[in-house]
2 protein chains.
Amino acid sequence: MASQRGEGDLTTPLEPADRERARAIPEAAVARLAVYLRVLSGMADQGVTTVSSEELSTAAGVNSAKLRKDLSYIGSYGTRGVGYDVEVLVSHIERILGLTRKHSVAVVGIGNLGHALANYGGFPGRGFPVTALFDVDDDLVGVPVGGIPVNHIEDIQRVCAEREVSIGVIATPPPAAQGVCDRLVSAGVQCILNFAPVVLQVPDNVEVRKVDLAVEMQILSFHVARRADEAANDLVNGIGVDGMVIRP
Amino acid sequence: MASQRGEGDLTTPLEPADRERARAIPEAAVARLAVYLRVLSGMADQGVTTVSSEELSTAAGVNSAKLRKDLSYIGSYGTRGVGYDVEVLVSHIERILGLTRKHSVAVVGIGNLGHALANYGGFPGRGFPVTALFDVDDDLVGVPVGGIPVNHIEDIQRVCAEREVSIGVIATPPPAAQGVCDRLVSAGVQCILNFAPVVLQVPDNVEVRKVDLAVEMQILSFHVARRADEAANDLVNGIGVDGMVIRP
DNA sequence: CTATGTGAACGTGTTCACAGCG
DNA sequence: CGCTGTGAACACGTTCACATAG
């Protein structure tokens, strides 16, 4: 079933079978594949060559059925009765995730967060070199952050084209986000990671992912409240905070 | 259907009806409620008093059916034929999300990201004051960041108890994350926001949310690859990059 | 007559459990 | 005989469409 071909090749197009498969992979599975990849890379570094679905799933924090299902979306690369070859899995996941190609990243908005992102210097996981920084503040323009000089937002289009930026990261204050987004889009950037707490409007051909700290905190808050409430409820029903039945 | 009671009350326990409802709200809906809340707050600031499901849903980037369903999880606070009262909705969502209570936040790991987080000074959206910072580096201990002096990690338990920290934010390098997590848990923190690219092991009573930049980038990468591939595929099938059929 | 609220239909993602391969 | 790979069952979330309240 496997389509053999040189691994690590920079511009390998997917085979027709892989192509249909990629279309069908659920978004949730894609996110988990990235996690499996990280765990597998760690294992490879430690000299592990083979892993079972049980081991890998535990390390990745999911159950083994889900892991096997996820892996089945990208093909059948395991050996029954044995498990998976770590290196083989790594390269197949990398290929499916498009990591055989470098994705140049631009960070817009060099405030606290922008600084932090720029200084990661080649985003977590490698394969995502930060090649351009932008800000509106003239005092910042020209100053190198994480080794890269800041450009003025006006120059987004030119600089993004020159450096073949494929991913734009928005780390601006909320009011500026939509404007920056529009510029990135008109510069041909089709993938955006948005840290600004704003719902971005983009054309259909642009992919946006958002990281929203306020929302994350509020989800946690919801769970605190729910738990506190359940505890109160349980007490009323005669169950102690430790789960012990004190009034059966 | 509405359970009337003083709004903005700091320690109002939920009524039994609300309690069952809170249990039943899908996680995905909770995340969206937080977004609605932000949009509604903005509207309130601009003096808007009433909003229809259509308007609110557009502003929040979802469809109106989903919005109404989400709101129905928390009760029926709209007026048929009219819409929703902005203030009423805001206070009900705040109550359901547990935002009538302050959630003290501790940030662990004062590197680039930790600095950025500490300097947000009272996390995005308010109601989440950062009250403690921790690091292993002795040179950092005592130095104020965003107005709060850094404590040594050793003191997590004492300081978290004193300042009633309810949410811990992990912004350490990956190898330190699990250890920090364990300390936070033993300090009684039940909610953790994890920025380290590590799968944390925690007891059942602790809620973890993770923000994983590498995963986000790789999901975007996947979409770039899928798109590039579709384009290649379309070319083979005689469709131009602009969607025009060039070889029917 | 308008816009909410919701049961019912639908679709997607998860889990189960076992057939089948090595 | 163990572990993968997967169809089938299930659970969850989304969308539809309309009865219902104002």
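A, B, ... follow the sequence lines: proteins, then strands. Residue 1 opens every chain.
Rounding to whole angstrom units, CG of residue L67(B) and C1' of dG13(D) are separated by 15 Å. Summarising the geometry, the separation between CD on E55(B) and P on dA3(C) is reported as 9 Å, rounded to the nearest angstrom. Residue E54(B) contributes atom CD, which lies 14 Å from atom P of dG5(C) at whole-angstrom precision. Rounded to whole Å, the distance from CZ on R80(B) to C1' on dT4(C) is 5 Å. Here dC3(D) presents its P atom at 17 Å from CG of D85(A), a figure rounded to the nearest Å. Following rounding to the nearest Å, Y84(A) (OH) and dG22(C) (P) show an atom-to-atom distance of 14 Å.
Between L89(B) and L37(B) the shortest side-chain heavy-atom distance does not fall below 4.5 Å. In this structure, L184(A) and V165(A) have side chains that are not in contact, with every pair of non-hydrogen atoms separated by 4.5 Å or more. Within the 4.5 Å cutoff, side-chain heavy atoms of V30(A) are placed close to those of L97(A).
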Every protein N/O within reach of nucleotides 14-17 of chain D N/O, cut-off under 3.5 Å:
unit_1: dT14(D); atom_1: OP1; unit_2: R32(B); atom_2: NH1; d: 2.8
unit_1: dT14(D); atom_1: OP2; unit_2: R32(B); atom_2: NH2; d: 2.9
unit_1: dT15(D); atom_1: OP2; unit_2: N63(B); atom_2: ND2; d: 2.9

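Between H223(A) and E27(B), the side chains place a donor N or O and an acceptor N or O closer than 3.5 Å (distance only, hydrogens not considered).
One finds no side-chain N or O of Y77(A) lying less than 4.0 angstrom from the OP1 or OP2 phosphate oxygen of dC3(D). Note on S53(B): a side-chain N or O is less than 4.0 Å away from OP1 or OP2 of dT4(C). OP1 and OP2 of dG22(C) both lie 4.0 Å or more from every side-chain N or O belonging to T79(A).
Residue F195(A) is tested with L213(A), V169(A), D212(A) for a side chain to side chain contact (heavy atoms under 4.5 Å, CB included); the sole match is V169(A).
Under the salt bridge (charged side-chain N to carboxylate O under 4.0 Å, His left out) criterion, E55(A) pairs with no residue at all, not counting sequence neighbours.
Summary of the strand contacts: G78(B) and G81(A) both lie near DNA chain C, and taking for each the nucleotide with the nearest heavy atom, the more 5' one is attributed to G78(B).
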